[in-house]
Amino acid sequence: MATSGTYVTEVPLKGTAEKHYKRWKSENHVFPDAIGHHIQNVTVHEGEHDSHGSIRSWNYTWDGKEEMFKEKREVDDENLTLTLRGLEGHVMEQLKVYDVIYQFIPKTEDTCACKITIVWEKRNDDSPEPSTYMKFVKSLVADMDHHGVLYVEFNFMQNLTHSLTKMAFFRLTRVSRRLLKSSVSATPSSSYVFHSQQQHIYLSKPVTTTRHYINPLLKYPLWSHSYQVWSKGTDFHHEKVLGVGWNHRLVAGMSSVVEGNPKKDDKEKSGVGCVKEASWVDLYLPEGARGYAKLARLDKPIGTWLLAWPCMWSIALAADPGSLPSFKMMGLFGCGALLLRGAGCTINDLLDRDIDTKVDRTRLRPIASGLLTPFQGLQFLGLQLLLGLGILLQLNNYSRVLGASSLLLVFSYPLMKRFTFWPQAFLGLTINWGALLGWAAVKGSLEPAVVLPLYLSGVCWTLVYDTIYAHQDKEDDVKVGVKSTALRFGDDTKLWLTGFGTTSMGLLALSGLSADLGWQYYASLVAASGHLGWQIGTADLSSRTDCSRKFVSNKWFGAIIFSGVVLGRTFQ
């Protein structure tokens, strides 16, 4: 068990990074009113609310327990970063070091992300890892974001009510002035004085008015319902309740209420951290399920496509001439690809959790970031393998043995980067196993002349797309000390990829000849060759964004081959 570590995660937020940073830097005193179920009190012992080096204590409730945390903060306005260094409290009884770092990173014009980093070191080996505190801190950020949206919506309604009330008050005084003018008992001098006062709304003393309406935020008792009207025709005196600049905060916050469809940011990752678009997992799944969904990479389906396509090619090749492939088999293999890909990712994250924390692209993975514990990962792996076994038992005995034998490759692949510069080749042997299994599931045996060229073509195809993918991490790989074909090929990468791409297309042609497919199949090979050539020729291997884009595009390469096999077999 590790004695120290770092947890990293990100929380998508609505509104600007500057707005959220200011809230966490300068407005901690409103937290007990805003999220009282988490924070009961915040006390400043030294310095000001927003000053660098200030010391404060937090009284909070987590997991049904009331606790205290005293910290000294470091403020970095340039990078919108706030660091809380633990001094004493309940968490410090188990830990020697406990630092919580909040960095607010712009994403689009009206959204941002809070990157949360927890650096910890145990006092002794028997102390538990503080993984539960990452969940607590993440919930604080998410709840304050939710509170901020409601705050803006309430402010909008509140200001609308104030404006209408002021208009009514002004009209009432105008009517009163006219009535006084028409009165016989009114003297000219008194009428003139009242007219002057009402024309400019000059009042010598503040008048307190009380608004009676239903507060939609009863659980957030932050705002008073009494406001003052001051002389010289000024607006309602919000500064006493909301602080100076309340109107600017309202305008800035309004952008978080009206959302559009933000464009994907294709800019390169800056030095302040990697920001990801919120996926359907973040938007629709309950919080407790998100970690497991991300562990299985359900938010990144490209891996499932790359595993499924060789299976579909093989099933389509095994179809009888003039017939469509078995939809039952394709459905079983589609579900199997989803489960096996998830199991493979879980195994990879369990074995690589120490490496993932040091690689920029992978440090936010659930186990590496502390969102899930290794034991939870093992439990989830067991569930996925059990479901995969249920699918495997639907196949014939030959396929069951062949499918079970692939687990040796699945479990050993994550270790290959530690020993060889060719882990991508080993991935090819693993992820294309379905090219053998699909044929066996339909035919009950293997036809080497057809399936071996198909399998090896898939291995060469994997070397192309995964080498491009590996160029995203080459700088981190050098620092960590792991190997890849991206490092092995170096400046000659495109030459190597051209060779593997050509070999892949040649082996696909050989498999089609052995299966006696129609001309439609070879037409698809021409289209697939063009796609592969486009990937290799235009890939910017120094751009993480472009490498990722080219990698994801391979789902269309697989679709082109599959359509060619289906047409070539159907019209044979």
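Basis for what follows: all heavy atoms, side chains included, without hydrogens, waters or symmetry-related copies.
- Using a 3.5 Å distance cut-off with no hydrogens or angles, the side chains of N41 and Y60 do not pair a donor with an acceptor.
- Note: L541 CG to H471 NE2 = 4.5 Å, rounded to the nearest 0.5 Å.
- Annotation: side chain to side chain contact (heavy atoms under 4.5 Å, CB included) contacts of K96 (sequence neighbours excluded): E121, R123.
- Side-chain polar atoms of T83 and R85 form no donor-acceptor pair below 3.5 angstrom.
- The shortest side-chain heavy-atom distance between L415 and R418 falls under the 4.5 Å cut-off.
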Begin from the C-alpha positions of L381 and Q376 and carry the test side chain to side chain contact (heavy atoms under 4.5 Å, CB included) through to its verdict. CA-CA 9 Å; L381 174 62; Q376 288 175 314; over 6 Å; no

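- R361 pairs with exactly one of D473, D352, D477, D356 by the salt bridge (Lys or Arg N to Asp or Glu O under 4.0 Å) rule, that one being D473.
- You'll find the side chain of R341 reaches within 4.5 Å of the side chain of K300, heavy atoms only.
- Residues E71 and L87 approach most closely at C-CD1, 3.9 Å, considering heavy atoms.
- Ring geometry for Y133 against Y98 counts as perpendicular: the plane angle is over 60°, on a 0 to 90° scale with 30° as the lower cut.
- Using modelled atom types and a 3.5 Å distance limit, the side chains of S548 and T545 yield no donor-acceptor pair.
- The line from OG1 of T81 to CG of D76 is 5.0 Å long, rounded to the nearest 0.5 Å.
- Atom CZ of F31 and atom NE2 of H29 lie 9.5 Å apart (nearest 0.5 Å).
- Side-chain contact check for M68 versus K70: some heavy-atom pair is nearer than 4.5 Å.
- Nearest heavy atoms, S54 versus G47: CB-CA, 4.1 Å.
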Could you pull out all donor-acceptor pairs under 3.5 Å where a side-chain atom in residues 344-351 meets a protein atom, sequence neighbours excluded?
from : atom 1 : to   : atom 2 : distance (Å)
T346 : OG1    : G342 : O      : 2.8
T346 : OG1    : Q384 : NE2    : 3.0
D349 : OD1    : R297 : NH2    : 2.8
D349 : OD2    : R297 : NH1    : 2.9
D349 : OD2    : R297 : NH2    : 3.4

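- Aromatic ring centres of Y7 and W120 lie closer together than 6.0 Å.
- Between the side chains of Q40 and T61, at least one donor-acceptor pair of N or O atoms lies under 3.5 Å.
- Taking every heavy atom of both residues into account, C112 and P106 meet most closely at CB-CA, 4.0 Å.
- In this structure, CG in L364 is found 10.5 Å from CG in L371, a value given to the nearest 0.5 Å.
- Contact check on K550 versus D540 returns no salt bridge, with no Lys/Arg side-chain nitrogen under 4.0 Å from an Asp/Glu carboxylate oxygen.
- S139 places a side-chain N or O within 3.5 Å of a backbone atom of F136 that can act as its donor or acceptor partner.
- Across all their heavy atoms, P366 and G291 have their closest contact at CG-O, 3.4 Å.
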The test is side chain to side chain contact (heavy atoms under 4.5 Å, CB included); show your working for M134 and T9 and say whether it passes. CA-CA 8 Å; M134 171 58 85; T9 190; 3.4 Å; yes

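- Judged purely by atom type and a 3.5 angstrom limit, D145 uses its side chain to pair as donor or acceptor with the backbone of K14.
- Here the CG atom belonging to L82 is positioned 14.0 Å from the CZ atom belonging to R23, to the nearest 0.5 angstrom.
- Here the side chains of I118 and V137 are in contact, with some heavy-atom distance below 4.5 Å.
- Residues R353 and A368 come closest through the heavy atom pair O-CB, 4.1 Å.
- Taking OG1 from T373 and CD from E129, the interatomic distance works out to 8.5 Å, rounded to the nearest 0.5 Å.
- For H45, the ring-ring contact (aromatic ring centres under 6.0 Å, His included) criterion is met by no residue, not counting sequence neighbours.
- A centroid separation of 6.0 Å or more is found between the aromatic rings of H20 and Y102.
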Is there a side chain to side chain contact (heavy atoms under 4.5 Å, CB included) between D99 and V97 once you walk through the steps? CA-CA 6 Å; D99 297 340; V97 175; 3.9 Å; yes

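- Enclosure of atom NZ in K358 is not indicated, since only 12 or fewer non-hydrogen atoms of other residues, nucleotides or ligands lie within 6.0 angstrom.
- In terms of heavy atoms, T357 sits closest to R363 at O-CB, 3.9 Å.
- Side-chain contact check for R365 versus L295: every heavy-atom pair is 4.5 Å or farther apart.
- In this structure a side-chain-to-backbone donor-acceptor pair under 3.5 Å is missing from Q94 to V91.
- The side-chain heavy atoms of L140 and W24, taken from C-beta on, include a pair separated by under 4.5 Å.
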Evaluate the criterion side chain to side chain contact (heavy atoms under 4.5 Å, CB included) for residue pair K115 and T117; output intermediate values, then yes/no. CA-CA 7 Å; K115 184 175 78 171; T117 304; 4.3 Å; yes

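- In this structure, the side chain of K417 engages the main chain of P414 through a donor-acceptor pair within 3.5 Å.
- A heavy-atom distance below 4.5 Å is found between the side chains of P130 and L95.
- Between the side chain of S369 and the backbone N or O of V8 there is at least one donor-acceptor pair closer than 3.5 Å.
- Here the side chains of E18 and L80 are in contact, with some heavy-atom distance below 4.5 Å.
- Summarising the local packing, NZ of K72 is surrounded by 12 or fewer heavy atoms from other residues, nucleotides or ligands at distances under 6.0 Å.
- H52 places a side-chain N or O within donor-acceptor distance of the main-chain N or O of V75, the cut-off being under 3.5 Å.
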